[in-house]
Q: 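To start, I am sharing the structure in question, which I have written as structure tokens.
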Amino acid sequence: MAKVKEKRTPMPSQDPRERIGNFDEVALGYTVEMAVEEAKRCLQCKRPTCLEGCPVQVQIPEFIALVAEGDFLGAARKIKETNSLPAICGRVCPQEEQCEIRCVLGKKWEPVAIGRLERFVADYERLHGEGDDIQRVPSNGRKVAVVGSGPAGLTCAGDLAKLGYEVTIFEALHAPGGVLVYGIPEFRLPKEIVRAEVETIRKLGVRILTNVVVGKTVTIDQLLADGYEAVFVGSGAGLPRFMNIPGENLNGVYSANEFLTRVNLMKGYLFPEWDTPVKVGKRVAVVGGGNVAMDAVRCSLRLGVEEAYIIYRRSEKEVPARAEEVEHAKEEGVKFKFLTNPVRILGTEDGWVKAMECLRMELGEPDASGRRRPIPVKGSEHIIEVDTVIMALGTSPNPLIAGSTSGLETTSWGGIIIDEETGQTSRPEVFAGGDAVTGAATVILAMGAGKRAAKGIHEYLTKGS
Amino acid sequence: MFKIVKRRDLTPVTKLFVVDAPLVARSAKPGQFVIVRIREQGERIPLTIADYDPEAGTVTIIFQEVGMTTRLMGELKEGDELLDFVGPLGQAAPEVTEGNVIFVGGGFGVAPIYPIAKQYFNAGVHVESIIGARTKDLLILKEEMETVSHRLHVATDDGSLGHKGFVTEVLQRMIDEGQRMDIVVAIGPMVMMRAVTEVTRPYGIKTLVSVDPIMVDGTGMCGACRVTVGGKTKFACVDGPIFDAHEVDFDEAVRRGKMYAEEERRANEACRCGGGA
Ligand SMILES: Cc1cc2nc3c(=O)[nH]c(=O)nc-3n(C[C@H](O)[C@H](O)[C@H](O)COP(=O)(O)OP(=O)(O)OC[C@H]3O[C@@H](n4cnc5c(N)ncnc54)[C@H](O)[C@@H]3O)c2cc1C
Ligand SMILES: Cc1cc2nc3c(=O)[nH]c(=O)nc-3n(C[C@H](O)[C@H](O)[C@H](O)COP(=O)(O)OP(=O)(O)OC[C@H]3O[C@@H](n4cnc5c(N)ncnc54)[C@H](O)[C@@H]3O)c2cc1C
Ligand code: SF4
Ligand code: SF4
Ligand code: FES
């Protein structure tokens with residue numbers, strides 16, 4: 001192979017000044033030429049280290065080789081052997097800490113842009129592929145129920161359908177996709193793509209019943225009594241946290257979940273053509289430093305706020321959001337207030353947010369998470385004038401399912417306890433995975449968990465037969 | 001899709017739908033609610049389960065046309081379908097099997113009262129009910145309430161039927177007359193529930209109300225429905241909607257209910273021109 005290019009092929013993106021005026025995708029994706037050029041950077045290592053970083057073992061060098069040859073549909077088939085949602089992973093996987101960080105090129109130069117290539121291949125296939133080469137496996141007559149249609153549930157259902165099971169997904173909301181539809185904004189993950197990926201799962205024979213809240217509409221025990229032989233719980237970690245500070249129930253204070261659901265699932269940015277309103281004033285503060293906080297603050301810019309702040313109690317080094325997202329937010333004009341923590345929210349006479357009182361923090365000794373603990377600086381109270389506050393402090397598993405299923409063991413914070421290998425819970429016929437088990441994590445980890453559980457369920461149901 | 005198998009107009013602005021929703025009907029309990037969406041670009045709105053029939057697989061909802069979504073719903077006919085219908089959500093009303101319970105229902109609030117009164121009545125509770133509306137023509141479920149109450153009192157603001165004045169005045173009179181009441185259940189507009197709460201507070205009579213904050217998902221995921229009860233933040237969609245009235249922070253609840261007043265007005269105007277309603 002010729003001399004390797006040191007730098008990865010850049011991916012075009014919308015100009016920051018333009019994009020804060022719309023909800024269209026920010027990153028625009030590779031052209032055919034760019035993809036081939038980038039694919040040629042891959043060394044086709046004999047012992048590819050990149051593979052170790054992918055939780056679902058995408059055959060990275062093999063699919064990249066096919067891209068370099070121009071066989072994009074072949075590359076898509078290769079990826080889909082192990083990853084049923086490549087258009088999504090290519091966009092939202094934290095590649096920089098998974099596959100790409102382990103690429104040998106990264107030791108000296110920039111690693112191969114594996115995520116961008118994966119995205120390119122999946123998009124190419126969606127636009128140019130035959131689409132219908134999906135093999136529907138004849139039914140084995142055995143029913144399995146899946147709770148939740150996020151990445152964990154979709155992956156588990158797809159894998160079980162490929163083994164011949166009759167799978168039904170029960171989803172509480174009116175649209176399938178989990179966080180992919182209600183949380184992650186259109187400009188990072190167009191909903192059209194989620195819909196297409198969900199269609200693929202449907203074509204495998206999976207039935208998706210929306211508007212069913214398991215634990216309310218039906219219980220897991222009822223599902224088992226109705227003839228489902230096993231149940232997979234992929235109900236995510238949807239319960240929002242608040243700070244419990246004064247003023248948190250003032251008008252104008254949202255959880256990130258509410259704000260993002262109004263914007264993404266309910267298309268609040270299209271109000272009044274769409275019926276659900278979402279209100280942001282002129283100055284918004286988003287409290288938190290994760291992907292969720294970045295998504296919320298960037299949505300608020302697109303809804304037309306004049307000032308948008310991120311309020312984060314540690315320093316920039318500790319920010320848990322992907323570096324790329326922080327970069328995008330900065331380009332778009334978000335102001336970051338690091339080492340700052342709110343202590344109360346102040347309201348107007350008629351109960352609307354008018355300001356937030358904060359303390360400055362300094363970093364002390366490392367805490368349980370290994371990061372240095374923020375300590376308030378005495379006398380550093382100061383006021384930030386805002387009219388909207390969005391709390392993006394993290395989420396935990398919703399207690400609905402554990403509370404309605406006898407004998408299902410959970411941790412003190414509500415995570416369902418499983419056998420790591422099989423996904424089996426304390427109830428032998430019930431399996432679980434994704435954020436419902438780990439707490440808020442990533443799309444690809446949820447998919448990996450769904451995969452393992454599908455295998456676990458298959459073994460459980462075929463054992464002894 | 002969820003078919004409307006029966007429609008009845010209770011008043012010019014209050015409609016009753018019997019909806020085909022077998023899974024909801026199978027699990028429903030008095031006090032719970034559903035969330036409805038009528039079209040792809042539609043809002044999710046909560047409505048109380050006014051009755052249910054597990055055998056027929058149907059759920060009854062009663063709604064008042066107050067804004068865009070409920071007015072569009074009012075244009076639907078028998079045989080039409082609701083796009084989404086999810087539930088039963090929230091906690092059921094506490095079970096009571098003895099003693100004296102007074103139900104106070106105002107406006108469309110009589111609808112959520114009915115299934116609870118029916119359950120208590122059938123369980124052997126002595127039930128007395130006070131139902132009210134602005135005027136006689138806006139009163140709903142009078143006959144139904146009669147069948148599940150040992151005594152039924154009516155109040156209208158204009159005196160067109162029953163007592164002239166508010167339901168709270170009837171309740172106060174019953175208290176003054178020394179009538180036994182172990183529990184008062186009051187459901188209706190927030191101002192009415194707050195007024196009932198203030199009537200019973202000095203006497204320490206246990207009082208339950210069903211709050212109706214703005215909701216989005218109805219499953220505990222968004223926190224839009226926060227209400228302060230006993231100094232603690234609760235999510236009405238999973239912890240409620242029925243709470244101990246004397247613990248509810250009504251000022252906050254009323255204020256939070258107005259969060260989207262401006263947008264509701266805009267939507268309403270837009271819908272008036274479009275729909276010609
Ligand atoms: C705003 C935001 C941005 C994110 N950005 C990224 C990113 O860039 N990259 C990344 O890798 N990860 C990201 N994540 C995290 C990632 O989305 C999650 O880790 C992942 O979606 C978890 O998948 P899951 O299938 O376990 O659960 P979810 O996606 O949460 O899906 C659970 C589904 O179950 C349904 N459900 C819940 N309870 C019930 C019930 N009782 N009955 C029926 N259905 C039920 C829910 O409605 C939901 O549809 C982000 C998360 C958020 C909130
Ligand atoms: C648990 C619960 C049970 C309810 N039961 C009934 C019932 O049985 N019959 C009935 O007529 N009404 C009921 N309501 C109220 C009903 O949800 C609102 O009237 C309806 O949402 C109005 O929508 P709209 O678009 O027609 O009006 P809008 O113009 O949007 O709003 C008019 C009024 O409804 C309130 N409202 C708007 N959107 C919501 C929302 N998503 N959630 C809650 N309130 C909202 C507003 O604060 C405003 O006061 C209930 C509310 C709750 C929370
Ligand atoms: S699925 Fe994610 S981690 Fe795996 S190769 Fe693709 S981008 Fe990398
Ligand atoms: S480690 Fe990097 S260069 Fe080697 S095969 Fe993987 S992507 Fe290609
Ligand atoms: S309506 Fe979303 S948490 Fe209650």
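Per chain, numbering begins at 1; letters A, B, ... match sequence-line order. None of these values were measured; they are calculated from a predicted model.
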Q: Would you say the side chain of A/Val213 lies within less than 4.5 Å of the side chain of B/Leu89, judging by non-hydrogen atoms?
A: yes
Q: Counting only non-hydrogen atoms closer than 4.5 Å, does B/Ile45 touch chain A with its backbone (N, CA, C, O), its side chain (CB onward), both, or neither?
A: neither
Q: As an exercise, state the distance from CG of A/Leu239 to SG of B/Cys222, rounded to the nearest 0.5 Å.
A: 11.0 Å
Q: Quick one: of A/Leu400, A/Leu265, A/Leu250, who has the most non-hydrogen atom pairs under 4.5 Å with chain B?
A: A/Leu250
Q: For A/Pro240 versus B/Gly223, what's the shortest heavy-atom pair and its separation?
A: CG-N, 4.4 Å
Q: Relative to chain B, which segment of A/Phe242 carries a heavy atom at a distance below 4.5 Å: side chain, backbone, both, or neither?
A: side chain
Q: In terms of heavy-atom proximity below 4.5 Å to chain A, should B/Leu83 be classed as side chain, backbone, both, or neither?
A: backbone
Q: Out of A/Gly238, A/Pro399, A/Pro277, A/Gly268, return the one with the most heavy atom pairs under 4.5 angstrom to chain B.
A: A/Pro277
Q: Among B/Ala28, B/Ala21, B/Gly87, which has the most heavy-atom pairs under 4.5 Å with chain A?
A: B/Gly87
Q: Is B/Phe235 in contact with chain A via its backbone, its side chain, both, or neither, using a 4.5 Å heavy-atom distance?
A: side chain
Q: Between chain B and chain A, which donor-acceptor atom pairs come closer than 3.5 Å, counting both backbone and side-chain atoms?
A:
unit_1: A/His174; atom_1: ND1; unit_2: B/Arg44; atom_2: NH1; d: 2.9
unit_1: A/Asn211; atom_1: ND2; unit_2: B/Asp84; atom_2: OD1; d: 2.8
unit_1: A/Lys216; atom_1: NZ; unit_2: B/Gly90; atom_2: O; d: 2.9
unit_1: A/Thr217; atom_1: O; unit_2: B/Ser27; atom_2: OG; d: 2.7
unit_1: A/Thr217; atom_1: OG1; unit_2: B/Gly87; atom_2: O; d: 2.8
unit_1: A/Asp226; atom_1: OD2; unit_2: B/Arg26; atom_2: NH2; d: 3.4
unit_1: A/Glu248; atom_1: O; unit_2: B/Arg226; atom_2: NH2; d: 2.8
unit_1: A/Asn249; atom_1: O; unit_2: B/Arg255; atom_2: NH1; d: 3.1
unit_1: A/Asn249; atom_1: O; unit_2: B/Arg256; atom_2: NH1; d: 3.0
unit_1: A/Asn249; atom_1: OD1; unit_2: B/Arg226; atom_2: NE; d: 2.8
unit_1: A/Asn249; atom_1: ND2; unit_2: B/Thr228; atom_2: OG1; d: 3.2
unit_1: A/Asn249; atom_1: ND2; unit_2: B/Thr233; atom_2: OG1; d: 3.3
unit_1: A/Asn249; atom_1: ND2; unit_2: B/Glu252; atom_2: OE2; d: 3.4
unit_1: A/Asn251; atom_1: OD1; unit_2: B/Arg255; atom_2: NH1; d: 3.3
unit_1: A/Asn251; atom_1: ND2; unit_2: B/Arg255; atom_2: O; d: 2.9
unit_1: A/Val253; atom_1: O; unit_2: B/Arg226; atom_2: NH2; d: 3.1
unit_1: A/Tyr254; atom_1: OH; unit_2: B/Tyr260; atom_2: OH; d: 2.7
unit_1: A/Ser255; atom_1: OG; unit_2: B/Cys222; atom_2: O; d: 2.6
unit_1: A/Asn257; atom_1: ND2; unit_2: B/Met221; atom_2: O; d: 2.8
unit_1: A/Arg262; atom_1: NE; unit_2: B/Tyr260; atom_2: OH; d: 3.4
unit_1: A/Asp275; atom_1: N; unit_2: B/Gln41; atom_2: O; d: 2.8
unit_1: A/Asp275; atom_1: OD1; unit_2: B/Arg39; atom_2: NH2; d: 2.8
unit_1: A/Asp275; atom_1: OD2; unit_2: B/Arg39; atom_2: NE; d: 3.2
unit_1: A/Asp275; atom_1: OD2; unit_2: B/Arg39; atom_2: NH2; d: 3.1
unit_1: A/Lys279; atom_1: NZ; unit_2: B/Met259; atom_2: O; d: 3.3
unit_1: A/Lys279; atom_1: NZ; unit_2: B/Glu263; atom_2: OE1; d: 2.9
unit_1: A/Lys279; atom_1: NZ; unit_2: B/Glu263; atom_2: OE2; d: 3.2
unit_1: A/Asn398; atom_1: ND2; unit_2: B/Thr219; atom_2: O; d: 2.9

